[in-house]
Novice: 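The structure under discussion is supplied below as structure tokens; questions concerning it will follow.
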Amino acid sequence: MYYAIITGLIVITLFCQPVSAGGQGSDANTESDRSSVQDGETPEYPEKKTDRSKIEWLLASPGMLLELPVDLTLRGVKATVGWAEKNSLCLRVNDFLTFDDGRMGLRVRYSAREGGGPVFFARDIMGTGSKFTLKTTAGLEWRQNYSISLKRLTLGAEDIFVNFSASYFNYPDEYFFGTGPGTTESDETSYRNESVFALGDLVYTPADNLDIFAGACIERFNITDGTDDDCPATSDVYDETNINGLESGVVLMSWSTGFLYDTTRKRPNGSMVGISFGATVERGDNRYGFWAGEIELRQKIHLFYGRYLMLKVLSRGTEPFSGKEVPFYKLSEISERETVRGYVRGRFRDRYLFCSSLEYHFPIWSHGPSGLETFVFADAGQVAHSLPEDIRSEDVVFGFGGGMVFSVYDVEVIRIVAGVSDEGLRMYLIWD
Amino acid sequence: MGLMDMTITSRIPGRMVIRALTTAVLLVLLTGCGEYHRYMPPEPMPQDNFDISEPAEKEYEVYADLLEQQLVRQAREMFDLSRQARNVSGNRKQAYNVNAFDGVDDSSWFTNRNEKTRMSLEETGRGPDTGAGPDRDGKWTVVRAKTQGVTPGFTIRDREGTNYLIKFDPVGYPELATGAEVVSTKLLHAAGYFVPENYVTWFRPGDLVLDEGVKMIDEKGRKRLMTESDLDGLLSRVESMPDGRIRALASRYLPGSPVGPFKYTSVRNDDPNDIIPHKHRRELRGLRVIAAWLNHVDTKSGNSLDSYVSEGGRSFIRHYLIDFGTTLGSAAHSPQTPKAGHENQIDLHAILWKIFTLGLYVPGWEREKVGGNRSVGYFESTFFDPGSFKFSVPNAAFESCTDLDGFWGARIVMSFTDEQLEAAVAAGKYSDSEAAGHILRVLKERRDKTGRYWFSRVNPLDRFRLAIEAGRQILGFDDLAVEYGFEDLAGTDYIFDIRADGVVICQGETTGSANRIPLPDAVELYGDPITDDQTDGTTRQIEVRIYTVRNRHGAGGTSGRGEWIKVYIDHERESGYYRIAGLVRED
């Protein structure tokens, strides 16, 4: 029955278009609209023709009803955009949030780990290129992060800079699954990581793309029970005999040095090499002390017309001093800094970490300085307690997925990543 | 080759009768009406310059319109079952304002110009200009700042008191935007549209005097008085010549009062003369073809303007196309990109396709690099596809464009001779002959691509006329595809049948270069002897249905008979002569 009605309507629509034998549709339906006709010498204005005949309206009405919520929403968005544009709202808001010709101002930042919040910035306050930043972010479960930083302060010479930063963060639902590659999801425990730190770096830039640095840092950690009710608190499962660092008031001091050579930005091909090495000791009790090192290599290989491969290799290691230990939150973690995406951060921890990643990037949209890039990736990595005997192929975990990056003038503004591992799907969102 | 080359078979074969009957029965079943209808030419469109009161000026917001065209309207049309049914069946709604000869009458939107009567080279080069541009002997008073659009600009009043909008070339690209805008102005005017008088002019910064009380919206969104330093800052962002002069485009203010842009979708409710939904206007649908030819990708509503004009004692709205800085190889603020014409500004289809294919497919245009002559920008014909050309913002009228609308537009494009194009390009006053030569060459190549594409979509017979040859009345016509060299004359055949009251009374085919069809004489039309009752009516109508077949005996030839065109001809019994009543093309 319904088919018959719909078929009939379609046939009527198709075959009974109001077209004369000769004209190409010259007699559309009409309706009167003479609201603005003048009185007096008013001529007989012709009648306005409508877009659709009555039967077409009838046929279109179910779809129109179905689409009504979408239509109203989009119209609302359009009206808002129109109002904002008419009142130069973007310019005014930008003007309101910035001053001194845009060198100072407020912007918004969000990341899943830190949450969202305002960031105050001031550029060129102590030399060209210097930047002061004050950040306040908060997220679910009262995740908090407050930080202040001064970057690239010049010290007379053009190629020597100093960076300072200090931060307080309180992450109430961090996870610990045990150490080593053999842990399972059911080993999940939760802890709160409250920390404050201050660090300073001296950076020497002898050539473009090359930074050589040396710095010192002091940190204080309070590790207490987490807030996630779906899993036990870490202190319920572990104690000081089988985990290091499950306590409050630990103060660590560290020194590090290294260099960063990066030619990947704004170039179709390039390499990045970053090497750092340092030592950390505990102030006071002197229970913790370890070496820490990291090597990161990236190779950007241009394929064709904006498509490129990015190969990443990362290796991190912590080795305790003789008779000392490494607190568990200072061990290397899988899924930290987007390593082996698809796993919960901290899913695998141990002294050593090896990761590699292959990303294929391709552009999908551009307009002026803005661009939208998509990428797919495959990650692999493992943690190990000691080298080389604990390196085993069966301990390697994998992650796959894809993401999008929206950038303006080659600076990332929004980054969305979806990673899949054998433990499920994880989404990553960064808006900066 | 004459009438003797034609094979004519009088009377009707049995198969044709059966086919006609079957078709008739089907039509009866489907539409409930099986009678033959005499062709009636469409009612002439009423004048659209009746006196009206001045409408309020409509405002335009660029991003709101972008959202409307890109999302709101697309979503609405996606759910419009009647529209989808038409699209799926290929029975798309035809333009409302087409006359009996598949054209449009002159109106406040359009004037038939070059396609109707070839304009002289001087007329083509002059375009809409009524003068020589702003008076350069006196100072120019800056009376208004241009706050919209991607390029800086302002309005000046010259010594004679005439207002001009002044626009510039982007730094590093001399003559790019100003040249493109003037060339396109000439061509769009000759095509038939109302456009502003746009002049290439030169001035020195010292020629400018800032009027008092000129307001502008600054980069912080604040409306404030314009200062000399604002003016200096603006001029520092435009291309200057080595001798310090600045080349600019002076766009004379349109006559009348501006009342805002027109939409490409619907009518203006406050204009009683505006009765045809704009997306069903032939001249707006067909503009798609002409705009694609000129690489005029920025055909959004904001680049149109309605002006309330007074002429002949009447005041009414005239509809203008404006702002052609984004045409040819120019994107106004920079050279055009290879993407132009291939993707919308935000093209969800293209984005999804790239994601789906992981970006592995790279279309030819994406491999192109912008370079070459800086006065030309990026203007090419290799990857130009008249059929799939996309504009920056989806355009409702262009999306409604049928093959018949496209054919109409292509006829206009093809009406431009090489010499006319040369005259239009010369008006761009390019100092670099290489730049002018490049633009001219690409215009020709794109013109021919346009004609080749659209003339293959419908039966391209045109300019039907009646004549007497060897004592017999004939229907003559031009095959535009052959005339412009897209098809081989020798390999073209025209199959025709002639019907009276829906019944085939004569059929045949012409071969070779014979583009004439003999019409039936009175005996064939009325029978012998002619009875009194047959002479009662003053006219009797015949339908000449013509199919054009290309290279049917060679490889790659037309399969079947292609699209038909029906020409309706009234036979005036008393005079014995025919008169063409109108024509219908198959879409």
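Residue numbers start from 1 in every chain, and the chains themselves are labelled A, B, ... in the order their sequence lines are given, proteins ahead of strands.
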Novice: Go through B/His280, B/Arg367, B/Glu68 and name the one with the most non-hydrogen pairs under 4.5 angstrom from chain A.
Specialist: B/Arg367

Novice: B/Lys279 versus chain A, heavy atoms under 4.5 Å apart: side chain, backbone, both or neither?
Specialist: side chain

Novice: Which bit of A/Tyr360 comes within less than 4.5 Å of chain B, counting heavy atoms only: side chain, backbone, both or neither?
Specialist: side chain

Novice: Taking atom NZ of A/Lys78 and atom CD of B/Gln69, what is their separation to the nearest 0.5 Å?
Specialist: 8.0 Å

Novice: Under 4.5 Å from any heavy atom of chain A, what part of B/Arg268 do you find: side chain, backbone, both or neither?
Specialist: backbone

Novice: Compare all side-chain heavy atoms of A/Met64 with those of B/Phe79 and state whether any distance is below 4.5 angstrom.
Specialist: no

Novice: Taking every heavy-atom pair that is under 4.5 Å apart, which of A/Val70, A/Leu66, A/Leu65, A/Thr374 has the most such pairs with chain B?
Specialist: A/Leu66

Novice: Check this for me, if you would: do B/Asp274 and A/Lys48 make a salt bridge, where the nitrogen-to-carboxylate-oxygen distance has to be below 4.0 angstrom?
Specialist: no

Novice: Taking all heavy atoms of B/Leu81 and all of A/Leu59, pick out the closest pair and write down the distance.
Specialist: CB-O, 3.6 Å

Novice: For B/Glu59, is it the side chain, the backbone, both, or neither that has a heavy atom closer than 4.5 Å to a heavy atom of chain A?
Specialist: side chain

Novice: Relative to chain A, which of B/Ala581, B/Pro46, B/Ala75 shows the most heavy atom pairs under 4.5 Å?
Specialist: B/Ala75

Novice: So how far is it from B/Asp347 CG to A/Ile364 CD1, rounded to the nearest 0.5 Å?
Specialist: 11.5 Å

Novice: Between B/Arg83 and A/Glu56, does at least one N-O distance fall below 4.0 Å, as a salt bridge requires?
Specialist: no

Novice: Top residue by heavy-atom pair count (under 4.5 Å) with chain A, among B/Thr402, B/Val72, B/Asp48, B/Leu66?
Specialist: B/Val72

Novice: With sequence neighbours left out, write down each residue that passes ring-ring contact (aromatic ring centres under 6.0 Å, His included) with A/Phe377, or none if nothing qualifies.
Specialist: none

Novice: Are there residues of residues 354-364 of chain B that reach to under 4.5 Å of chain A by heavy atoms, and which ones?
Specialist: B/Lys354, B/Ile355, B/Leu358, B/Gly359, B/Leu360, B/Tyr361, B/Val362

Novice: With a 4.5 angstrom heavy-atom cut-off, is it the side chain or the backbone of B/Ile275 that approaches chain A, or both, or neither?
Specialist: both

Novice: Answer yes or no: are there more than 12 heavy-atom neighbours, outside B/Lys339 itself, under 6.0 Å from its atom NZ?
Specialist: yes

Novice: Do A/Val81 and B/Glu61 have side-chain heavy atoms sitting under 4.5 Å apart?
Specialist: no

Novice: Just verifying a value: how many Å separate A/Leu68 CG and B/Arg76 CZ, rounded to the nearest 0.5 Å?
Specialist: 10.5 Å

Novice: Which atoms of A/Val93 are under 4.5 Å from chain B, going by heavy atoms: the side chain, the backbone, both sets, or neither?
Specialist: neither

Novice: What distance do A/Leu372 atom CG and B/Ile346 atom CD1 have between them, rounded to the nearest 0.5 Å?
Specialist: 10.5 Å

Novice: Salt-bridged, B/Glu366 to A/Arg307, with N to O below 4.0 Å?
Specialist: yes

Novice: In the structure I gave you, are the side-chain heavy atoms of A/Trp365 and B/Gln345 within less than 4.5 Å of one another anywhere?
Specialist: no

Novice: Answer yes when A/Arg52 and B/Asp80 have at least one side-chain N-carboxylate O distance shorter than 4.0 Å, and no when they do not.
Specialist: yes

Novice: For A/His302, does the NE2 atom have more than 12 heavy-atom neighbours from other residues, nucleotides or ligands under 6.0 Å away?
Specialist: yes

Novice: Where on A/Phe304 is there a heavy atom nearer than 4.5 Å to chain B: the side chain, the backbone, both, or neither?
Specialist: side chain

Novice: Would you mind checking which part of B/Val267 comes under 4.5 Å of any heavy atom in chain A, side chain (CB onward), backbone (N, CA, C, O), both or neither?
Specialist: side chain

Novice: Taking all atoms of both residues into account, what is the closest heavy-atom pair of A/Gly82 and B/Ala64, and its distance?
Specialist: CA-CB, 3.6 Å

Novice: Can you measure from OH (A/Tyr45) to CG (B/Asp51) and round to the nearest 0.5 angstrom?
Specialist: 6.0 Å

Novice: Nearest 0.5 angstrom please: B/Thr265 OG1 to A/Asp51 CG, how far?
Specialist: 9.0 Å

